[in-house]
Amino acid sequence: MKLWRVDFPLLTKFWVFTMYIITFAFGQPLAQTSLSKKQVDSITQYYTLSKADSLSIKERLYNITLFLKGAGLSNQDSLIYNGLMTKTWLLGKTKQYDSAIVYSHQLCDFARQNKDTVYLVKGFTKLGFYHKNNNQLTEAFKYYNEAFRISRIVNDSMKSGKSLLQMANIQVSLGDYSGSKTTAIDGVTYLENTSDLRNLAGLYHIISVANREQKNYEEAFRYNDLALSLGKDSLSVKKIGVMYILIFKNTKALILANQGNYQQAIVLLKELASDSIVLNNKIEYARVLNNLGYVQWLENKENPNSEKLLLKALTIRKEINDIGGLVASNNDLTKYYLDKDKTKALYHAESNYENAKKRRGLTPILEALDFIFKLRGNTNEEARVYSRIHNELEEANQSNREIYAVTKYENDNLTNENLKLKAQKAQQESETARQRSQKIMYLLGTVILALSGGFVFYLLQQRYKREKIREVYDAETRISKKLHDELANDVYNVMVQIQNEQNSPDVLDKLEEIYNTTRDISREHNSFTTGENYAAELTNMLSGYSSNETKIIIKDIEDVNWEAVDPEKKIIVHRTLQELMINMKKHSEAGLVAVTFKKTLKNVGITYADNGIGVSENEIIHSNGLRNAENRIKTIGGSFIFDSEKGKGFRARISFPN
């Protein structure tokens, strides 16, 4: 064989083979056999050859396999680690991802056996990487999360942030943009005070991409600018990588196009298309050409150059078999031909579908099927596929969120345990150190006592506020019941008596008006649940103000973890939104009302907007209903901001700590 040309003594090969025969013949475990230094030096030569760039990958894999056999007999952990790390790398380089995954599991098992967190993190990171390249995104997310979990335990901020970046990227690929932003923002907290500019820039970039996909273009632009600003000088650019800076600029061009700044986007994309680094990278060159053609088409649907650029990018991607790139190209070409040539549009939609299936991209599959349905009508089979993929995508995103949520909870607990261990260690120091610690503890005790007193006072104050809110709620409910059970019913009985006696219809009309007013007051202050069905009941309340003339849109209410919100805050939110809806019904003449919920790390935000007649600043000041709503929100430490002009609708932003 060709490989036997290397200058190794034949005796060495014979020795390795003989050792394995002896091992298996006598059933001796590998870890119990020890090799001499000379024997170790002999097998190390195989490792050196596996690293030689002058050899083919096949030859290098052969040599690392021989090295691993000898390393298993050496009883030296470092040799086994080096062998497994190199073998997985070589298998990944040749895209033998299934085999790379097998050996990565061996690396994890060996590290776990030795309680070696460094190599355990490396092993889980490799499993995440190879599963991702094998288009097994849910599995990849799970292993990157394991790498993050252990890195967090050992306080390795850089590896923690790097794992979160990979997890956020996977969430974007699965269309979970909100989840991706949450994960990436957590990643920023680990890396913002480190020297790892590349991954920090990557986190800013993925937040920018997620915001762009959600059409939050201002936020997308802001985070894109943060990513680019990290490359403020040549040294920073070198740390981040020139290609990454160019990718950030490509994203910037797309955001500009989304904002309607087509000319600025085109100028930037043309600069990228002529950059020597982009020209020498076919994947990025095809990406820039495709985006340039698509943006030019957005600016001018009759631009003759757009089709050429889109097709040129498609050709390059076919040549290099860039499946992800082909998905993007066919998707854009489908849109390009949609109103020009239905046959071509359908061809590219079907090509997109086939490539998306190869890549196992759930979101692209749904997009492709959506176009196919529009162009030729759906078949039962395709409809079933669409439904199945949609369910898989939802399950994957939900699973990823749950995996990460559990890890965060576990890590918080582990942090507390680490603090306890440090306290125990401090108690075991020398007598001098103990005396010094006692003085510190006395001082600390005084501070804690003062803080505890302040904290108890704060708790009592908060409890008093909650009790007041409850008292108001209970009073409103009692008034509501009394109005309904006594006053409204009495008015109704009088109406019946007057009607029977055929008195003046004007009196009847006036009494009916009083009855309706009483009933409305009762409904406005009716009781409701603050338990697990709160979101559904709040939705029903808001939807109840919908009519033929007014459409109510409620967005992202389920994104808020209502179970974590205090019951008193739920009462205030319900009453405040009810006040806004009543105000809208009475005065706004709105045809469309949107209520949007948004949860951040520390707050819950609610935006109310309608397209009604609006109100002047003077009317807002003298509006009892709006003042009541503002006062309610202030009682829970929140804010209530109005934005309205006469004839331009009404907008209110509510925010309170969750």
Side-chain angles (χ1 to χ4, degrees), residues 462 465-477 479-480 483 517 520-530 534-535 537-546 550 552-557 560 562 565-590 592-600 603-646 648-658:
Q462 292 301 309
K465 285 183 178 180
R466 288 197 298 270
E467 287 174 354
K468 283 296 180 185
I469 292 170
R470 278 288 179 183
E471 286 174 11
V472 171
Y473 173 70
D474 292 337
E476 289 175 341
T477 303
I479 292 169
S480 167
L483 282 169
T517 301
D520 289 343
I521 294 171
S522 173
R523 184 183 297 126
E524 290 166 13
H525 297 285
N526 203 1
S527 62
F528 54 89
T529 180
T530 58
Y534 176 77
E537 193 155 336
L538 183 58
T539 300
N540 290 336
M541 184 276 288
L542 294 171
S543 301
Y545 288 88
S546 178
T550 306
I552 309 294
I553 296 174
I554 305 165
K555 186 179 179 184
D556 297 334
I557 191 171
V560 179
W562 292 108
V565 178
D566 293 336
E568 290 74 22
K569 292 181 180 179
K570 293 179 185 176
I571 293 170
I572 294 299
V573 169
H574 189 285
R575 291 300 191 214
T576 302
L577 289 176
Q578 191 176 49
E579 195 77 52
L580 288 173
M581 300 305 285
I582 292 168
N583 189 68
M584 176 275 297
K585 202 71 174 177
K586 290 180 178 178
H587 309 297
S588 76
E589 300 176 14
L592 182 64
V593 177
V595 183
T596 305
F597 295 79
K598 184 178 181 181
K599 183 185 181 301
T600 63
N603 294 300
V604 174
I606 305 171
T607 301
Y608 167 95
D610 67 43
N611 64 350
I613 60 175
V615 292
S616 65
E617 184 177 352
N618 186 57
E619 288 174 310
I620 290 177
I621 293 171
H622 293 91
S623 171
N624 288 328
L626 294 178
R627 285 209 310 273
N628 288 339
E630 185 178 16
N631 291 333
R632 286 180 189 272
I633 290 298
K634 285 182 178 179
T635 62
I636 58 173
S639 64
F640 194 110
I641 302 172
F642 310 102
D643 182 13
S644 180
E645 289 182 37
K646 202 70 175 176
K648 293 186 178 180
F650 180 84
R651 184 182 178 89
R653 292 187 297 277
I654 301 168
S655 178
F656 62 94
N658 58 31

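Nothing here was measured: the structure is a model prediction, and the numbers come from that model.
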Notebook entry, point to check: Can Thr607 and Val595 be said to form a side chain to side chain contact (heavy atoms under 4.5 Å, CB included), step by step?
Noted result: CA-CA 6 Å; Thr607 301; Val595 183; over 6 Å; no

Notebook entry, point to check: What are the two closest heavy atoms between Ile552 and Met581, and how far apart are they?
Noted result: CD1-CE, 3.6 Å

Margin query: Parallel, tilted or perpendicular: which one describes the rings of Trp562 and Phe597, with boundaries at 30° and 60°?
Written below: perpendicular

Notebook entry, point to check: Hey, does the side chain of Lys648 reach the backbone of Gly612 with a donor-acceptor pair shorter than 3.5 angstrom?
Noted result: no

Notebook entry, point to check: How long is the span from the CZ atom in Arg653 to the NZ atom in Lys598, to the nearest 0.5 Å?
Noted result: 12.0 Å

Note to self: Check for me whether Lys585 meets the cation-pi criterion with Tyr545, that is, NZ or CZ under 6.0 Å from the six-membered ring centre and within 45 degrees of the ring axis.
What the structure shows: no

Item checked: Steps toward side chain to side chain contact (heavy atoms under 4.5 Å, CB included) verdict (Ile654, Leu580) -> CA-CA 11 Å; Ile654 301 168; Leu580 288 173; 4.2 Å; yes

Next item on the list: Search all heavy atoms of Gly614 against all heavy atoms of Ser644 and return the closest pair with its distance.
Entry: CA-OG, 3.6 Å

Notebook entry, point to check: Distance-only, no hydrogens or angles: does the Ser588 side chain make a donor-acceptor pair with backbone N or O of Ile613 under 3.5 Å?
Noted result: no

Checklist line | Thr576 side-chain N/O to Val573 backbone N/O, donor-acceptor pair under 3.5 Å | finding: no

Note to self: I'd like to know if the side chain of Asp643 reaches the main chain of Arg651, judged simply by a donor and an acceptor atom lying under 3.5 Å from each other, with no hydrogens or angles considered.
What the structure shows: no

Check: Where do Lys569 and Pro657 come nearest, in terms of heavy atoms and distance?
Finding: NZ-O, 2.8 Å

Next item on the list: Please test Thr596 against Tyr608 for side chain to side chain contact (heavy atoms under 4.5 Å, CB included), starting from the C-alpha separation and ending with a verdict.
Entry: CA-CA 7 Å; Thr596 305; Tyr608 167 95; over 6 Å; no

Checklist line | For the student: nearest non-hydrogen atoms of Arg632 and Ile572, plus distance | finding: O-CG2, 3.4 Å

Notebook entry, point to check: Does any non-hydrogen side-chain atom of His587 lie less than 4.5 Å from one of Phe650?
Noted result: no

Next item on the list: Measure the spacing between CD1 of Ile571 and CD1 of Ile636 and express it to the nearest 0.5 Å.
Entry: 10.5 Å

Next item on the list: Indicate the atoms forming the closest heavy-atom contact of Tyr534 with Lys570, along with that distance.
Entry: OH-O, 2.7 Å

Item checked: Side-chain donor/acceptor of Ser546 to backbone N/O of Thr550, under 3.5 Å -> yes

Notebook entry, point to check: Does the Asn611 side chain pair with the main chain of Leu592, one donor and one acceptor, at a distance under 3.5 Å?
Noted result: yes

Check: Looking at CG of Leu538 and CD of Gln578, how far apart are the two atoms once the value is rounded to the nearest 0.5 Å?
Finding: 10.0 Å

Check: Taking atom CD1 of Ile641 and atom OG of Ser655, what is their separation to the nearest 0.5 Å?
Finding: 8.0 Å

Next item on the list: State the OG1-CD distance between Thr635 and Glu568, to the nearest 0.5 angstrom.
Entry: 10.0 Å

Margin query: Can you give me the closest heavy-atom contact between Ser543 and Ile554, atom names plus distance?
Written below: OG-CD1, 3.5 Å

Margin query: Distance check, rounded to the nearest 0.5 Å: Lys555 atom NZ versus Ile606 atom CD1?
Written below: 15.0 Å

Item checked: Any donor-acceptor pair under 3.5 Å from Lys646 side chain to Val615 backbone -> no

Checklist line | Donor-acceptor contact below 3.5 Å, side chain Asn583 vs main chain Glu579 | finding: no

